[in-house]
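Structure, as structure tokens:
Protein chains get the first letters and strands the later ones, always in sequence-line order, with residue 1 at the start of each.
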Number of protein chains: 2
Amino acid sequence: MTQKFEFLSKNQQIIYDIIENAKEPLKAYSILYSVKKKGIKAPPQVYRALDRLIKMGKIHKIESKNAFIACKNSNCTISNATAFSICDSCEAITEISNLKLSKYLANFQDDTGMRYNKYNLEFFGLCRKCKKNKS
Amino acid sequence: MTQKFEFLSKNQQIIYDIIENAKEPLKAYSILYSVKKKGIKAPPQVYRALDRLIKMGKIHKIESKNAFIACKNSNCTISNATAFSICDSCEAITEISNLKLSKYLANFQDDTGMRYNKYNLEFFGLCRKCKKNKS
DNA sequence: ATCGCTATGTTATATTATAACATATTTAAT
DNA sequence: ATTAAATATGTTATAATATAACATAGCGAT
């Protein structure tokens, strides 16, 4: 069961399925709880699968929430360019796929000349629903 | 000792000074260790000060590292727009102040029409030093 | 002077993540 | 087929990060 890029190992598949079917980003320990019935019993099993799914670009970590979300870009094979929209009120989180934005950031160079091979961007605000409810 | 925006309380000042004088971002528990001699003994005291310093814009949290860094924009009063450059090798972290970038991101609108009042961007790559050492 | 607010102090505990080691499975070379 | 190397899994314990909950103290306005 050694791993080609395209294939997921047993635990990886179990954990990916749960994240993929979730309506919101999931926390590691909530995943752990969900997979206990499938025989995955300990944190390292979950974290190992998460780490590898991230490296493969199948999921992303929302750093500000310590939560994990499936990648919606079907062609995303390496998670080196991520942007998320996060509602401060209802915590709804969606991945932003915006070609202009990703091009802009992929090509960004700072004053030091340092070149980047990866970025993560998290936007915060109120989603439409929550904006309405407030007014 | 009630708090105007400009003034720091005792604990806030102690903790800000340490972060400000550090050469690299500091972790909460390393700060806690440093301030034990000053009478700050428990995590909540540190985390409360950190939270408030963040709200005031005096420091920022590097989400991917759980570390805290002083804001270098002398005029930054609210930490609603942050961008960092992180070296994957030596972990050197610097805040990016780039007017073009901040304007671009402040004005960014996604397809849903959601408007953002805050963002955090973290770029990863190799800094010049580390790039040289590798070649 | 006392009420409300902010800040501080303190203990305990929750949450997130990894170290370290053992076993098993797969792959690929011989 | 046999075996070595690499990958994946299982397991226990613990490290690292963060917050809940409650108590006390200081300030600032009426």
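For the atom pair NZ of B/K58 and CD of B/E20, the computed distance is 7.5 Å after rounding to the nearest 0.5 Å.
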For nucleotides 14-18 of chain D, print each protein N/O atom paired with a nucleotide N/O atom at under 3.5 Å, atom names and distance only.
{"unit_1": "D/dT17", "atom_1": "OP1", "unit_2": "B/K27", "atom_2": "NZ", "d": "2.7"}
{"unit_1": "D/dA18", "atom_1": "OP1", "unit_2": "B/K61", "atom_2": "NZ", "d": "2.6"}
{"unit_1": "D/dA18", "atom_1": "OP1", "unit_2": "B/N66", "atom_2": "OD1", "d": "3.3"}
{"unit_1": "D/dA18", "atom_1": "OP2", "unit_2": "B/Y47", "atom_2": "OH", "d": "3.1"}
{"unit_1": "D/dA18", "atom_1": "N7", "unit_2": "B/Y29", "atom_2": "OH", "d": "2.8"}
{"unit_1": "D/dA18", "atom_1": "N6", "unit_2": "B/Y29", "atom_2": "OH", "d": "3.0"}

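Aromatic ring centres of A/F123 and B/F108 lie closer together than 6.0 Å.
Atom pair B/R52:CZ and D/dT19:C1' shows a separation of 13 Å (rounding to whole Å applied). If you take CD1 of A/I40 and P of D/dT11, they are 11 Å apart, rounded to a whole angstrom. When rounded to the nearest whole Å, the span between NZ of B/K36 and C1' of C/dT8 equals 17 Å. The CG-P distance, from A/L53 to D/dT9, rounds to 10 Å in whole Å. One can place CG of B/L8 at 10 Å from P of C/dT8, the figure rounded to the nearest angstrom. Whole-Å rounding puts the B/I15 CD1 to C/dG9 C1' distance at 13 Å. Here the P atom of nucleotide D/dA23 and the CD atom of B/Q45 are 17 Å apart, to the nearest Å. Between A/N11 atom CG and C/dT23 atom P there is a gap of 19 Å when expressed in whole angstrom units.
Partners of B/Y33 under the side-chain contact (heavy atoms from CB on, under 4.5 Å) rule, at least two apart in sequence or in another chain, do not exist in this structure.
A 4.5 Å side-chain heavy-atom check between A/L8 and A/L53 finds at least one atom pair inside the cut-off. Two residues are said to be in side-chain contact when any heavy atoms from C-beta on lie closer than 4.5 Å; B/Y116 and B/D110 meet this criterion.
At the phosphate of D/dT9, OP1 or OP2 sits under 4.0 Å from a side-chain N or O atom of A/S9. Within the 4.0 Å cut-off from OP1 or OP2 of C/dG9, at least one side-chain nitrogen or oxygen of B/K10 is found.
For B/R115, the CZ atom sits in a packed shell: over 12 heavy atoms of surrounding residues, nucleotides or ligands are nearer than 6.0 Å.
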